[in-house]
Amino acid sequence: MAFDGITIASITKELNQNLTGGRIYKIAQPESDELLLKIKNNGSQYRLLLSADASLPLVYLTNKNKQSPMTAPGFCMLLRKHLQNARILDITQPGLERIIRIRLEHLNEMGDLCQKTLVIEIMGKHSNLIFCNEDTIIDSIKHISGIVSSVREVLPGREYFIPQTQDKQNPLAFIGGTGISVCYGEPAYGIHLTKQDFVNRLTSMPMPLYKALYCAYTGLSPVMAQEICFRAGLDGDIPGSAQDAEALEKLYEVFLSLLKQITAGDFAPNIIYDKKTPIEFAALPLTLYADKEAVPFDSISEVLEHYYEEKNVLTRIRQKSADLRKIVQTALERNIKKYDIQRKQMQDTEKREKYRIYGELLNTYGYNVEPGAKSMEALNYYTNEMITIPLDDTLSPSENAKKYFDKYGKLKRTFEALSELTIEVKDEIEHLESIAAALDIALQEEDLVQIKEELIESGYIRRKGGNKKARITSKPFHYISSDGFHIYVGKNNYQNDELTFKTATGNDWWFHAKGMPGSHVIVKTEGKELPDRTFEEAARLAAYYSKGREQEKVEIDYLQKKNVKKPNGAKPGFVVYYTNFSMAIDSDISGLEQIK
């Protein structure tokens, strides 16, 4: 979800409600392109984070503090000079632009009241924090010269203006151009657009309808444009020119309704989850994700903080585990290739019995073969059928028999060797796949430490300089079932062994996805009988923490721990069992409580 104009509108409303009339008592610049303002208002203290980071620009209220550098950067010192103890007069958004203006009142060196404006532009790589006196730039957190941008210079002393947004129109002009002061604080450029303007613009653009929407009007992200089409019951991938008049009229009504909802400040911040993974956020309900879980929040600031924290965790852990993933993937590909070659060789050895029979029949009936014969027909006394045996016409029957016995002996030795090797390689493939699955569910750096240790002990990584074994702090996932039973889920093979053979007692229940890599799941019974709901919840956990989590249903084996065995010399996480129950279940664990 883009940080679009609708999200900015929701943030603007929230900041107005909490910060207008408040005073700035502390200004910090934790990062080169980030400010943290501490504000007192109505007996409460607020922290406002403003980030102009090119990859992740953000604006939200937070309870978390950040460490500041020992020496404040120049932009921070300038703001402290002008805005220390400044009062916030209002916070506005021009139209549906991705811009927030904070108007401030402060005393200058002479003790006179002055007004300044802090402008936050959330525009991807062009994001910036700009400090202005009326329409003149005093300074900015990023300096943009004419060499960098031919559209607008952002330098001290230059005029401040909003750059033209690629011929996009302000959608608020459809509702009279007045806006709502609590959200925007100013007219929408005094223009009034009509339904016919809407239809003409969308039908003239040779592109999918949803794309035409966000290309024609400011403040809309692709996801919100798809949402508008979905609410109107239209296929957003079909161009506007291919839609009938009734469909476009319906789209206009939905569009107008959405704009009125925005100007009224009727927001419903939420995050969309797909099996506990955040995939979208929005300031308004996203009905096109009806099949996913929508979690509501009290404020858009909470949404942004939660969403990007969770996304950052997943992104960071992916980056941290990239080297381990490469090692595992390379070893896996090598072993799969080796296994395929061995399987083909095994297929070739299937001829060995045929050669043995040829040799035996030649020894039995070879006296009938005339010199120079290229084949011999004989009765196969194993099947009571006549077969034809190819012969080398330069060899005697006994020499042909010896040749076939030699082939049989070679293939038999190959079969016996490959029988062991293919089992070893298959076990290694399963072991590497289990490590790959563990990397997929790792959420913290300490989870990776234990996985790396397993790769070292398995010989895939060399321990550097005789270093000691790493200190392990990672713990299994811990859940509480709806009926109050403790459920533990291993994050890797070492934890799986620990849970199964040390944590669990004989009558505890053990769960695992059938025939695929996955976590061992243990339910502690404490001597009680488990209700059906707990069985199902534990099975869902086993499905979720397995390679099959994206499948609609996963088959789960479950049995009491006392029936789970570990063969001597088996790899970490490998167990066997011979009596079990099974159930097919989905991997939705959204209703389960996790103990952190």
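When a residue number appears, it is its place in the shown sequence, counting from 1.
For Ser519 (side chain) and Gly490 (main-chain N/O), a donor-acceptor pair under 3.5 Å exists by modelled atom type. Ser321 places no side-chain N or O within 3.5 Å of a backbone atom of Leu324 that could act as its donor or acceptor partner. A donor-acceptor pair is defined here as one N or O able to donate and one able to accept, closer than 3.5 Å; no such pair exists between the side chain of Ser458 and the backbone of Tyr460. Side chain of Lys407 to backbone of Lys351: no donor-acceptor contact under 3.5 angstrom is found. The main-chain N or O of Asp497 is never found under 3.5 Å from a side-chain atom of Thr500 such that the two would form a donor-acceptor pair. For the pair Asp557 (side chain) and Phe511 (backbone), a donor-acceptor distance under 3.5 Å is absent.
Residue pairs meeting the salt bridge (Lys or Arg N to Asp or Glu O under 4.0 Å) criterion with at least one member in residues 355-378, sequence neighbours excluded, are Glu353-Arg356, Arg356-Glu360. Among pairs with a residue in residues 437-448, those fulfilling side-chain hydrogen bond (donor to acceptor under 3.5 Å, both in side chains) read Arg325-Asp440, Asp447-Ser474, Asp447-Lys491, at least two apart in sequence or across chains.
Taking the side chain as every heavy atom from C-beta outward, Ser434 and Phe574 never approach each other to under 4.5 Å. Considering only heavy atoms from C-beta on, Val554 stays 4.5 Å or farther from Arg549 through its side chain. By the 4.5 Å heavy-atom criterion applied to side chains, Glu453 and Val449 are not counted as neighbours. Between Lys402 and Leu395 there is no side-chain heavy-atom pair separated by less than 4.5 Å. For the pair Asp4/Leu220, no side-chain contact is recorded, criterion being any heavy-atom separation below 4.5 Å from C-beta on. The closest side-chain heavy-atom distance from Asn400 to Tyr358 is not below 4.5 Å. Counting only heavy atoms from C-beta outward, the side chains of Glu428 and Arg334 never approach each other to under 4.5 Å. Proximity of Gln226 to Leu288: side-chain heavy atoms (C-beta onward) are separated by under 4.5 Å at one or more points.
Ion pair Glu280/Lys292 not flagged as a salt bridge, since none of the NZ, NE, NH1 or NH2 atoms sits closer than 4.0 Å to an Asp/Glu carboxylate oxygen. At a threshold of 4.0 Å, the pair Arg231-Glu227 counts as salt-bridged, since one of the basic side-chain nitrogens sits closer than that to a carboxylate oxygen.
The side-chain contact (heavy atoms from CB on, under 4.5 Å) with Val523 is formed by just one residue from the set Leu541, Ile487, Asp508; it is Ile487.
For Lys561, the NZ atom counts as densely surrounded, since its 6.0 Å shell holds more than 12 non-hydrogen atoms of other residues, nucleotides or ligands. Within 6.0 Å of the CG atom in Asn568, the count of heavy atoms belonging to other residues, nucleotides or ligands does not exceed 12. Heavy-atom contacts from other residues, nucleotides or ligands closer than 6.0 Å to NZ of Lys566 number more than 12. Counting non-hydrogen atoms of neighbouring residues, nucleotides and ligands closer than 6.0 angstrom, the NZ atom of Lys250 reaches no more than 12 such neighbours. Atom CG of Asp392 sits in a crowded spot, with more than 12 heavy atoms from other residues, nucleotides or ligands closer than 6.0 Å.
For the residue pair Gln329 and Glu333, a side-chain donor N or O sits within less than 3.5 Å of a side-chain acceptor on the partner.
By the side-chain hydrogen bond (donor to acceptor under 3.5 Å, both in side chains) test, Arg533 pairs with Asp483, sequence neighbours left out. Remark: Asn563 pairs with no residue by the side-chain hydrogen bond (donor to acceptor under 3.5 Å, both in side chains) rule, at least two apart or across chains. When the side-chain contact (heavy atoms from CB on, under 4.5 Å) test is applied to Asn363, the partners found at least two apart in sequence or on another chain are Ala401, Phe405. With sequence neighbours excluded, the residues that form a side-chain hydrogen bond (donor to acceptor under 3.5 Å, both in side chains) with Glu537 are Ser482. Applying the side-chain contact (heavy atoms from CB on, under 4.5 Å) rule to Phe581 yields the partners Trp509, Tyr558; only residues at least two apart in sequence or on another chain are considered. Qualifying side-chain contact (heavy atoms from CB on, under 4.5 Å) partners for His512, counting only residues two or more places apart in sequence or in other chains: Trp510, His520. With sequence neighbours left out, the side-chain contact (heavy atoms from CB on, under 4.5 Å) criterion links Asp244 to Glu246, Ala247. Residues passing the side-chain hydrogen bond (donor to acceptor under 3.5 Å, both in side chains) test with Asp274: none are found, sequence neighbours excluded.
Below 30°, between 30° and 60°, or above 60°: for Tyr355 and Tyr404 the angle between ring planes is below 30°, a parallel geometry.
Aromatic ring centres of Tyr308 and Phe281: separated by under 6.0 Å.
Note that the CG atom of Asn270 and the OH atom of Tyr307 stand 11.5 Å from one another [nearest 0.5 Å]. The CD1 atom of Ile451 sits 4.5 Å away from atom CG of Leu439, with the distance rounded to the nearest 0.5 Å. Here the straight-line distance linking atom CD1 of Ile585 with atom CZ of Phe535 works out to 12.0 Å at 0.5 Å rounding. Here the CD1-CD1 distance, from Ile327 to Ile461, works out to 3.5 Å after rounding to the nearest 0.5 Å. To the nearest 0.5 Å, the span separating CZ on Arg463 from NZ on Lys452 amounts to 9.5 Å. A distance of 7.5 Å separates OG of Ser51 from CD1 of Ile122, quoted to the nearest 0.5 Å.
Asp235 approaches Gln243 most closely through the heavy-atom pair O-NE2, 3.4 Å. Minimum heavy-atom separation, Val254 to Ile228: CG1-O, 3.7 Å. When all heavy atoms of Gly366 and Pro397 are compared, the closest pair comes out as O-CG, 3.5 Å. Residues Met516 and Gln551 share a closest heavy-atom pair of CE-NE2, 4.0 Å. The heavy-atom pair separating Tyr544 from Ser587 by the smallest distance is CD1-O, 3.4 Å. Between Lys524 and Ala504, the shortest heavy-atom distance links the atoms NZ-CA, 4.1 Å.
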What side-chain donor-acceptor pairs closer than 3.5 Å can you find for residues 335-347, not counting sequence neighbours?
unit_1: Asn335; atom_1: ND2; unit_2: Ala331; atom_2: O; d: 2.8
unit_1: Tyr339; atom_1: OH; unit_2: Arg343; atom_2: NH1; d: 3.4

Check residues 414-422 and write down every donor-acceptor pair under 3.5 Å in which the side-chain atom is one partner and the other belongs to a residue at least two apart or another chain.
unit_1: Thr414; atom_1: OG1; unit_2: Lys410; atom_2: O; d: 2.9
unit_1: Ser419; atom_1: OG; unit_2: Phe415; atom_2: O; d: 2.6
unit_1: Thr422; atom_1: OG1; unit_2: Leu418; atom_2: O; d: 2.7
unit_1: Thr422; atom_1: OG1; unit_2: Ser419; atom_2: O; d: 3.4

Practice task
Could you go through the side chain to side chain contact (heavy atoms under 4.5 Å, CB included) check for Ile435 and Asn493 one step at a time?
Solution key: CA-CA 7 Å; Ile435 295 175; Asn493 289 321; 3.9 Å; yes
